[in-house]
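Notes for the one structure printed next.
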Amino acid sequence: MNSEYLLQRLQRFIERPNQIKQIHSLLITTALLFNTASKWNPTLLYNTLIRAYLNIIPHCSLTLFTFMLHHQAPPNGHTFTSLFKAASTSQSLASLSCSPLHAQALKRGILTDSFVQTSLLGLCAKLGSLSNVRKVFEEILNPCIVACNVMLDAFGRNGDMGSALFFFDRLSEKDVVSWTSVINGFVRSKQFAKAIWKSKGGFTKGGRYMGIFSETRAFMTVFMGTALIDFYGKRGHLEFAFRVFNQMLDREVCTWNAMISSFACNGREKEALDLFEKMKVDGMYPNEVTFVAVLTACACTKRVQLGSQFFQSMRCQYGIVPIMEHYGCMVDLLGRAGLLTQATEFVNTMPFQPDASVLGALIGACKIHGAIELGNEMGRRLLELQPRHCGLYVALSTINADKERWDRAADLRKAMVEAGIRKVPAYSFIDSV
DNA sequence: TTAGGGTTAG
């Protein structure tokens, strides 16, 4: 196999993400990477590799950029579009700031390129500072529809739907992404009636929207299909969700995640885990969202050994650094199975401070297994983080009451009243499609 | 007809 062919495979669509690593390894081991002639100059080589890793291990794209600088291969606009995209994934956002990349692009005079501007705008939108997004947008001379759509999405992500609508109404050109960005903004801020109202005014025919797309797969893009699986999954209509999933001609990692999560969150853990195996057989590369769903499924079925193996494999096999959600899942996994000592040890040896979700998972396990002392200890830690969390007072009070520690239970209820915290009444909700 | 940007999953 010659290097020209391998590089072209990398540059074009690759059917299976795990082929990227194989091709990269082959290029290195056969010492072909820097011996290619013709158009494959070092910049193009690096850009191709950076782009190839973008959707599977985004932080590898960023690492490759440091190698690129080390090898004095001058980055261009193509490099920075990929880098800004890589930096905007949640894994990278947790540990990186965009300013060094921004400075590099500025220094090299690349920020005038519209693709670079849009990808930088997208990164700022995901970082969450609307004022920064506005600043970057204002520097674009003639913003195209893609840049405008990022701006719309940024308003929606920040819950500023007033500005989103104002902006949207003044757009000279709108496409399906403009509409879905506004609709998603309403959904994110839980304004469902407005989301449906906007759907009716836009590119669909009201309530038939979901039916149309589920029945005519030719219309269904990966985005639509994935949103539809999520829609059905969240309402517990798993058969509809799975039908859409099976009908889809193209699936991305988001699509698999939506289906696996739907199974995992509706008591169909075995199917979630089976689908995870099928995903890997299909050559799809799991990401951090996949593992949240898979670990959740393991926790619900108390499959401690399997869950622990998956957690280990994240870093070793897939290059994914576990984040807070994964630690929360693991504590839930160990805690539900009654392994409270291991769960506590796990919390105490985490590489960063546990947040309320992790401590809450441990307290939940204490409640199930009647571990009063540990529950109170973790409760004290959690109250420091969330002093006004009504559910926590109730949970701690219940743990103590179950063990007939009426004094402690009453103290907690009293503290809750004195702090002016009211218990939110429980409610049931029935929904239909 | 292709080295690059926007909407989907937790």
Side-chain angles (χ1 to χ4, degrees), chain A residues 7-13 39-41 43-52 54 61 75-86 88-91 110 113-123 125-126 136-137 140 143-154 156-157 174-185 187-188 202-203 213 220-231 233-234 241 244-245 248 250-265 279 284 286-296 323-326 328-329 357:
Chain A
L7 287 162
Q8 277 174 6
R9 289 287 305 279
L10 266 185
Q11 201 176 39
R12 289 180 188 169
F13 266 66
K39 68 169 190 171
W40 293 102
N41 62 57
T43 296
L44 180 53
L45 273 170
Y46 271 110
N47 286 352
T48 304
L49 277 171
I50 286 171
R51 167 84 189 127
L54 189 58
S61 298
N76 60 16
H78 292 271
T79 324
F80 282 94
T81 48
S82 297
L83 291 176
F84 286 138
K85 258 190 103 170
S88 69
T89 61
S90 63
Q91 284 274 296
I110 293 167
D113 180 313
S114 67
F115 282 75
V116 176
Q117 289 170 333
T118 314
S119 55
L120 173 62
L121 197 65
L123 171 58
K126 300 228 166 63
V136 175
F137 186 77
I140 302 176
C144 63
I145 189 166
V146 180
C148 292
N149 288 342
V150 178
M151 200 61 222
L152 268 179
D153 183 54
R157 282 179 191 274
K174 299 178 180 77
D175 65 5
V176 65
V177 180
S178 327
W179 284 96
T180 46
S181 297
V182 174
I183 294 165
N184 287 335
V187 172
R188 276 197 191 100
F203 56 97
F213 288 129
M220 199 152 53
T221 65
V222 175
F223 276 92
M224 289 168 184
T226 306
L228 200 51
I229 291 167
D230 183 51
F231 174 86
K234 286 213 165 70
V244 174
F245 178 83
M248 287 173 70
D250 294 316
R251 299 180 192 128
E252 289 178 5
V253 65
C254 288
T255 321
W256 289 87
N257 290 348
M259 196 62 240
I260 293 171
S261 299
S262 295
F263 279 135
C265 297
M279 171 186 187
M284 195 52 70
N287 67 11
E288 73 270 21
V289 181
T290 323
F291 280 99
V292 171
V294 167
L295 292 175
T296 302
I323 55 176
M324 193 69 80
E325 280 92 333
H326 302 114
C329 290
S357 70

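Only a predicted model underlies this, so the values are computations on that prediction, with no experimental measurement involved. Naming convention: chains lettered A, B, ... in sequence-line order (proteins, then strands); numbering from 1 in each chain.
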When A:Val150 is tested against each of A:Leu121, A:Leu123, A:Leu120 for side chain to side chain contact (heavy atoms under 4.5 Å, CB included), which residue passes?
-> A:Leu121
Find the distance between [atom1] ([X]) and [atom2] ([Y]) and round it off to the nearest 0.5 Å.
{"X": "A:Ile50", "Y": "A:Tyr46", "atom1": "CD1", "atom2": "OH", "answer": "8.5 Å"}
{"X": "A:Thr255", "Y": "A:Met284", "atom1": "OG1", "atom2": "CE", "answer": "7.5 Å"}
{"X": "A:Phe291", "Y": "A:Cys329", "atom1": "CZ", "atom2": "SG", "answer": "11.5 Å"}

Give the nucleotide from the list [options] with an atom nearest to the side chain of [X].
{"X": "A:Val177", "options": "B:dA3, B:dT7, B:dA9", "answer": "B:dT7"}
{"X": "A:Val289", "options": "B:dG4, B:dA9, B:dT8", "answer": "B:dA9"}
{"X": "A:Val116", "options": "B:dA9, B:dG4, B:dT7", "answer": "B:dG4"}
{"X": "A:Val253", "options": "B:dA9, B:dG5, B:dT7", "answer": "B:dA9"}
{"X": "A:Leu44", "options": "B:dA3, B:dG4, B:dG10", "answer": "B:dA3"}
{"X": "A:Lys234", "options": "B:dG5, B:dT7, B:dA9", "answer": "B:dA9"}
{"X": "A:Thr118", "options": "B:dG5, B:dG10, B:dA3", "answer": "B:dG5"}
{"X": "A:Asp230", "options": "B:dA9, B:dG5, B:dT7", "answer": "B:dA9"}
{"X": "A:Ala258", "options": "B:dG10, B:dA9, B:dG5", "answer": "B:dA9"}
{"X": "A:Asn184", "options": "B:dT7, B:dG10, B:dG5", "answer": "B:dT7"}

Under 4.0 Å between any heavy atoms, over every strand shown, what does [X] touch: base, sugar-phosphate, or nothing? Just pick one.
{"X": "A:Cys144", "value": "base"}
{"X": "A:Val146", "value": "base"}
{"X": "A:Arg251", "value": "nothing"}
{"X": "A:Gly77", "value": "base"}
{"X": "A:Ser114", "value": "base"}
{"X": "A:Gln117", "value": "nothing"}
{"X": "A:Ser82", "value": "nothing"}

A:Lys85 side chain N/O closer than 4.0 Å to the phosphate oxygens (OP1, OP2) of B:dG4?
->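 So the side chain of A:Lys85 is outside the cut-off, no N or O lying under 4.0 Å from OP1 or OP2 of B:dG4.
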With no angle test and no hydrogens, is the base of [N] tied to the side chain of [X] by a donor-acceptor pair under 3.5 Å?
{"X": "A:Thr81", "N": "B:dG5", "result": "no"}
{"X": "A:Asn47", "N": "B:dG4", "result": "no"}
{"X": "A:Ser181", "N": "B:dT7", "result": "no"}

Donor-acceptor side-chain pairing of A:Asp153 and A:Asn184 below 3.5 angstrom =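 No, A:Asn184 and A:Asp153 have no side-chain donor paired with an acceptor closer than 3.5 Å.
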Check: A:Asn76/A:Thr43 side-chain N/O donor and acceptor closer than 3.5 Å | no
Atom-pair distance ([atom1] on [X]; [atom2] on [N]), nearest Å:
{"X": "A:Leu49", "N": "B:dG4", "atom1": "CG", "atom2": "P", "value": "14 Å"}
{"X": "A:Arg188", "N": "B:dT8", "atom1": "CZ", "atom2": "P", "value": "5 Å"}
{"X": "A:Ile260", "N": "B:dA9", "atom1": "CD1", "atom2": "C1'", "value": "10 Å"}
{"X": "A:Phe137", "N": "B:dG5", "atom1": "CZ", "atom2": "C1'", "value": "14 Å"}
{"X": "A:Asp113", "N": "B:dG5", "atom1": "CG", "atom2": "C1'", "value": "9 Å"}
{"X": "A:Met224", "N": "B:dA9", "atom1": "CE", "atom2": "C1'", "value": "17 Å"}
{"X": "A:Glu325", "N": "B:dA9", "atom1": "CD", "atom2": "P", "value": "14 Å"}
{"X": "A:Leu83", "N": "B:dG4", "atom1": "CG", "atom2": "P", "value": "14 Å"}

Taking side chain as C-beta onward, heavy atoms only, is A:Met248 less than 4.5 Å from A:Ile229?
-> yes
